[in-house]
Amino acid sequence: MRIATWNINSLRLRIDLLRRLVQQEGCDVICLQEIKVEDGLFPLEAVKALGYPYIRFHGMKGYNGVAILSKIPFTVMDPKDWCLKGDARHAHVVLDGDVELHNFYIPAGGDIPDPEENVKFAHKLQFLDELTAHFAAGAKAGASAKGKAIMVGDLNIAPLEDDVWSHKQLLSVVSHTPIEVEKLTAVQKAGKWVDAVRQITPAPTKLFSWWSYRSADWTRNDRGRRLDHVWVTPAISKRVRHATILKDMRGWTQPSDHVAVIVDID
DNA sequence: ATGGTAGTCAAACTA
């Protein structure tokens, strides 16, 4: 099974790039974030025509929004209302074969890395705490019956030193601050999640999945960050065969600022 | 330290 996660930054604007991704990589499951489309306007027929009969979308007007496109049938689960904000940052399905799949879009957190001064950063930290509590409780209850689960998404945190272009220069930049990394690591521990991409390509190899729009030339100094992740439970990690970050996508015409991350599971 | 770009949806917000 080939699974992809991609922050597409508007599904309607970039549906042709989605088609290109599908033609090039032929994924079985694609998890999208920032689809930026309310449910009534979701381009359902166009997405089905790409070869994905099973589609779960959860959007809102203007911002956020996540979707799961699949060739494998699934059961839709209720998303949790994280931080009770009624936003669209989580899709949850169980794929046939008893594989639980979560698609998350964790809040970016604004610019100031201080929860007292910046409510968006406070929101991000609270979201992470709720994730930890959720997966800790789930593990006790044996939520995924056979322990087969996958969690993907734009987690908006680059946890390792080699997940950013300069660890030192980004220590107080939201996405790489110690408090965020600590809380993301707690989520990982609570769910017994294994980072599938780093299992294949360990540090110190640098890996990035996002390059800012705010630079004249994104290739110039390769100032990226790895914000997009694929995590799997130990039972699945034994079956991970391949993982890639499709850096070339950042060079496509009218690109998203994020590229797709792909993992192959046997 | 500053300001740089992109998307939604039509002014201001988010990233």
Side-chain angles (χ1 to χ4, degrees), chain A residues 5-21 31-43 46-47 57-67 82-91 103-115 117-128 152-159 163-166 168-177 180 184 208-229 245 247-261:
Chain A
T5 179
W6 185 28
N7 179 324
I8 192 170
N9 188 19
S10 175
L11 171 59
R12 286 173 295 173
L13 189 69
R14 273 183 258 284
I15 193 134
D16 290 338
L17 296 192
L18 178 61
R19 181 174 300 109
R20 188 169 168 183
L21 172 66
C31 297
L32 300 173
Q33 304 84 36
E34 282 206 274
I35 60 174
K36 294 187 175 177
V37 57
E38 57 194 305
D39 290 347
L41 297 175
F42 188 92
V47 173
F57 53 91
H58 177 37
M60 59 190 286
K61 192 174 178 176
Y63 311 109
N64 305 332
V66 289
W82 305 92
C83 307
L84 301 177
K85 288 182 76 80
D87 54 11
R89 296 179 176 275
H90 179 212
N103 178 16
F104 282 106
Y105 175 49
I106 292 183
D111 288 331
I112 303 163
D114 179 348
E117 271 185 66
N118 172 9
V119 292
K120 288 190 254 183
F121 195 69
H123 178 209
K124 185 177 198 174
L125 298 184
Q126 187 190 341
F127 200 108
L128 291 162
V152 310
D154 176 2
L155 307 186
N156 265 315
I157 296 171
D163 290 340
V164 293
W165 64 274
S166 168
K168 274 189 183 171
Q169 289 181 77
L170 290 175
L171 269 171
S172 57
V173 173
V174 172
S175 72
H176 193 62
T177 64
E180 291 169 87
L184 189 69
F208 310 140
S209 65
W210 172 91
W211 293 261
S212 174
Y213 281 130
R214 300 179 193 180
S215 89
D217 179 4
W218 71 278
T219 61
R220 211 175 117 90
N221 296 309
D222 200 23
R223 296 188 165 186
R225 306 177 202 168
R226 189 172 70 108
L227 305 179
D228 303 274
H229 300 273
I245 302 185
K247 184 174 182 178
D248 288 354
M249 290 177 72
R250 188 63 178 78
W252 290 0
T253 303
Q254 199 174 32
S256 168
D257 45 355
H258 296 253
V259 301
V261 180

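Proteins come first, then strands; the chains are lettered A, B, ... in the order of their sequence lines, and each starts at number 1.
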Of A:Asp111 and A:Met60, the one whose closest DNA chain B nucleotide lies more 5'
A:Asp111
Distance under 6.0 Å and angle within 45° of the ring axis: does A:Arg20 meet both against A:Trp252?
yes
Check whether more than 12 heavy atoms from other residues, nucleotides or ligands sit under 6.0 Å from atom CG of A:Asp111, and answer yes or no.
no
Can you tell me, in whole Å, how much space there is between the P of B:dT2 and that of B:dA6?
23 Å
Relative to the 5' end of DNA chain B, which residue comes earlier, A:Glu34 or A:Ser215, by the nucleotide with the nearest heavy atom?
A:Ser215
Expressed in angstrom and rounded to an integer, what is the separation of A:Lys124 atom NZ from B:dA15 atom C1'?
11 Å
Taking the side chain as every heavy atom from C-beta outward, state whether A:Glu180 and A:Ile106 have any pair of such atoms under 4.5 Å apart.
no
Could you pull out all residues at least two apart from A:Arg19 that satisfy salt bridge (Lys or Arg N to Asp or Glu O under 4.0 Å)?
A:Asp16
Taking CG from A:Leu41 and P from B:dT8, how many angstroms apart are they, rounded to a whole number?
12 Å
Take atom P in B:dG4 and the same atom in B:dT8, then report the distance between them in whole Å.
22 Å
Between B:dA15 atom P and A:His258 atom NE2, what is the distance in whole Å?
10 Å
Would you kindly give the CD1-to-P distance between A:Ile106 and B:dA15, to the nearest whole Å?
13 Å
In whole angstrom, what separates A:Ile35's CD1 from B:dT14's C1'?
16 Å
Hey, is the side chain of A:Gln33 poking within less than 4.0 Å of OP1 or OP2 on B:dA15, counting only N and O atoms?
no
Value in whole Å for how far the C1' atom of B:dG4 lies from CG of A:Asn221
14 Å
Just to be sure I understand the rule, does A:Arg220 reach a base, reach only the sugar-phosphate, or reach nothing, if contact means heavy atoms closer than 4.0 Å?
nothing
Nearest whole angstrom, please: distance from the P of B:dT5 to the CG of A:Asn7.
20 Å
Could you check how far CZ of A:Arg14 sits from C1' of B:dG7, rounded to whole Å?
8 Å
Distance between C1' atoms of B:dG3 and B:dA15 (Å, rounded):
15 Å
Can a cation-pi geometry be assigned to A:Arg223 and A:Trp165, taking NZ or CZ under 6.0 Å from the six-membered ring centre and within 45° of the ring axis?
yes
So does A:Lys120 get a side-chain nitrogen or oxygen closer than 4.0 Å to the phosphate oxygens (OP1/OP2) of B:dT14?
yes
Is the phosphate of B:dT8, meaning OP1 or OP2, less than 4.0 Å from a side-chain N or O of A:Ser10?
yes
The nucleotide from B:dT5, B:dT8, B:dC13 with an atom nearest the side chain of A:Tyr213 is B:dT5
